[in-house]
Amino acid sequence: MRPHSLADLDAFLSVARHRSFRRAARDRGVSASTLSQAVRDLEEAIGIRLLHRTTRSVTPTEAGQRLIDSLSPAMDAVTQALDGLNDYRDSTFGTLRLNVPSIVARTVLPDLLAPFLTAHPGIRLDVEDNNALVDIFAAGFDAGVRYEEALAQDMVALPIGPRMQRYILAAAPSHIAQHGMPQHPTDLLSRPCLRHRFHDAGPLAWEFERRGEVLKLHPEGPLISSNTPLLLRAALDGLGWIYTFEDLLADHFAAGTLVPALPDWSLSFSGPFLYYSSRRHVPGPLRALVGWLRSHGS
């Protein structure tokens, strides 16, 4: 095979892992056409079709899957060997890819980015804001951030950000003036509410808790969305009640543009965790982040 075919093999693995030329190209910082040409060159060199391509999907052929199974450990070993060279540098180099929920991207990461990247100038952080519960490793991420109930059992989990958070109910003063202040969570069943949903699920139930009593409600309202800023804007415009992270609403409470309600019913829960596989080689940039978080008490 040609001397540069190792790059073609790596391109093929990336496309197969992402099941998409576009996503693989975004991950690698190249064009989709560059990856497409690399895979075509590889298929022509070995005389075997490796990927089924349609306008909607990219999947390995039987031969392609066999090549993936054989190549993946070898390519991981190459990555590990190159990563080991970080031990000979004064600081760690490389890209760290993280998949995080929107709330973490907005309220946790901003306080961590500057001190971490200043301490590790050779690291490039690539963060995807995504609320869907994707398989982050199949999608090419080094680690992710999730809340405790969504963590898999075989993951290493490290606290990141505040250790306790809570949801709080709120509405604009104009909305309260028109519809009144709820005295009990069940009052929301007859009031306009702004509902959040994940990309891959229906609207989330609103869960309230007070002294051991738990209520799960499905109120109705004029807007359902997976986009939190859109829901927040609707609440500020007086369209209904929003029930979300207190961290997102604190500035609006201080400004008086939103008013909290039913604080004794607010649901509290443990803060987010950085997680990564215990069965994989931990790349240098991720080791650096883990060490930095532990040393800074996150």
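Computed from a predicted structure; not experimentally measured.
The cluster map of Ile, Leu, Val, Met, Phe, Trp and Tyr, joined by side-chain heavy atoms under 4.5 Å apart, puts V100 and V156 in the same cluster. In the hydrophobic clustering of this structure, L204 does not group with I224; members are Ile, Leu, Val, Met, Phe, Trp, Tyr whose side-chain heavy atoms approach within less than 4.5 Å, directly or through other members. Note: the hydrophobic cluster containing L239 also contains L223 (ILVMFWY, side chain heavy atoms under 4.5 Å, direct or indirect links).
Counting heavy atoms from C-beta outward, R191 and P219 have side chains that stay 4.5 Å or more apart. Side-chain contact between P115 and W292 is present, with at least one heavy-atom pair separated by less than 4.5 Å. With contacts defined as side-chain heavy-atom distances shorter than 4.5 Å, the pair L158/Y275 does not qualify. Between V15 and S20 there is no side-chain heavy-atom pair separated by less than 4.5 Å. No side-chain heavy atom of C193 sits under 4.5 Å from any side-chain heavy atom of Y243. F245 has its side chain out of reach of T107: every pair of non-hydrogen atoms, C-beta onward, lies at least 4.5 Å apart. Using a 4.5 Å heavy-atom threshold, the side chains of L169 and W265 count as separate. Looking at heavy atoms from C-beta onward, L189 lies out of side-chain contact with H218 at the 4.5 angstrom threshold.
At most 12 non-hydrogen atoms from other residues, nucleotides or ligands lie less than 6.0 angstrom from CZ of R66.
Looking at R294, its side chain never comes within 3.5 Å of a backbone N or O of G291 through a donor-acceptor pair. With hydrogens and angles disregarded, no donor-acceptor distance shorter than 3.5 Å links the side chain of R146 to the backbone of G144. Proximity of a side-chain donor or acceptor of R197 to a complementary backbone N or O of S225 within less than 3.5 Å is not detected. A donor-acceptor pair is defined here as one N or O able to donate and one able to accept, closer than 3.5 Å; no such pair exists between the side chain of S36 and the backbone of A32. Looking only at distances, no side-chain donor or acceptor of Q165 sits under 3.5 Å from a matching main-chain atom of R163. Between the side chain of S266 and the backbone N or O of P263 there is at least one donor-acceptor pair closer than 3.5 Å.
Distance check, rounded to the nearest 0.5 Å: CG of L262 to CG of L188 gives 6.5 Å. In this structure, L125 CG and L112 CG are separated by 10.0 Å, a value rounded to the nearest 0.5 Å. One distance of note links OG1 of T228 with NE2 of H196; it measures 4.0 Å at 0.5 Å rounding. Atom OG of S268 and atom CD1 of I168 lie 9.5 Å apart (nearest 0.5 Å). In this structure, I123 CD1 and T118 OG1 are separated by 11.5 Å, a value rounded to the nearest 0.5 Å. For the atom pair CG (L232) and CG (N227), the distance works out to 10.0 Å, reported to the nearest 0.5 Å.
The nearest pair of heavy atoms linking P203 to R195 is CB-NH2, 3.2 Å. Looking at every heavy atom in both residues, R97 comes nearest to F141 through NH2-CE2, 3.5 Å. For F273 against P159, the heavy-atom pair with the smallest separation is CD2-N, 3.7 Å. Scanning all heavy atoms of the two residues, the minimum distance from L258 to F253 falls at O-CD2, 3.4 Å. The minimum heavy-atom distance between S270 and Y147, with the atom names listed, is O-CD2, 3.4 Å. Closest heavy-atom contact between A38 and A11: CB-CB, 3.9 Å.
Residue pairs meeting the salt bridge (charged side-chain N to carboxylate O under 4.0 Å, His left out) criterion with at least one member in residues 249-266, sequence neighbours excluded, are R210-D264. Within the structure, the salt bridge (charged side-chain N to carboxylate O under 4.0 Å, His left out) test picks out no pair touching residues 104-122 (sequence neighbours left out). Listed by first then second residue, pairs satisfying salt bridge (charged side-chain N to carboxylate O under 4.0 Å, His left out) with a partner in residues 220-248 read R166-E246, R233-D237, not counting sequence neighbours.
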F21 vs L51, test: side-chain contact (heavy atoms from CB on, under 4.5 Å). Steps then yes/no. CA-CA 11 Å; F21 283 96; L51 294 175; 4.2 Å; yes
Run the side-chain contact (heavy atoms from CB on, under 4.5 Å) test on Y276 and V290 for me, step by step, so that the C-alpha distance in whole Å, both residues' side-chain angles and the decisive distance to 0.1 Å come before the verdict. CA-CA 10 Å; Y276 55 96; V290 169; 3.6 Å; yes
R17 vs I68, side-chain contact (heavy atoms from CB on, under 4.5 Å): CA-CA, chis, key distance, verdict: CA-CA 9 Å; R17 182 176 66 238; I68 292 168; over 6 Å; no
Derivation of the side-chain contact (heavy atoms from CB on, under 4.5 Å) call for L98 and L289: CA-CA 11 Å; L98 298 179; L289 177 60; 4.2 Å; yes
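Judged by distance alone, the side chains of T186 and H184 do bring a donor and an acceptor atom under 3.5 Å apart. With 3.5 Å as the limit, one finds no donor-acceptor pair spanning the side chains of D126 and T95. Defined by atom type and a distance below 3.5 Å, a donor-acceptor pair is missing between the side-chain atoms of T59 and H52. Inspection of the S31 and T34 side chains reveals an N or O donor paired with an N or O acceptor under 3.5 Å.
Remark: aromatic rings of F208 and Y167 are distant, center separation not under 6.0 Å.
D187 is linked by a salt bridge (charged side-chain N to carboxylate O under 4.0 Å, His left out) to nothing, counting only residues two or more places apart in sequence or in another chain. In this view, R40 satisfies the salt bridge (charged side-chain N to carboxylate O under 4.0 Å, His left out) rule with no residue, not counting sequence neighbours. E209 pairs by the salt bridge (charged side-chain N to carboxylate O under 4.0 Å, His left out) definition with nothing, not counting sequence neighbours.
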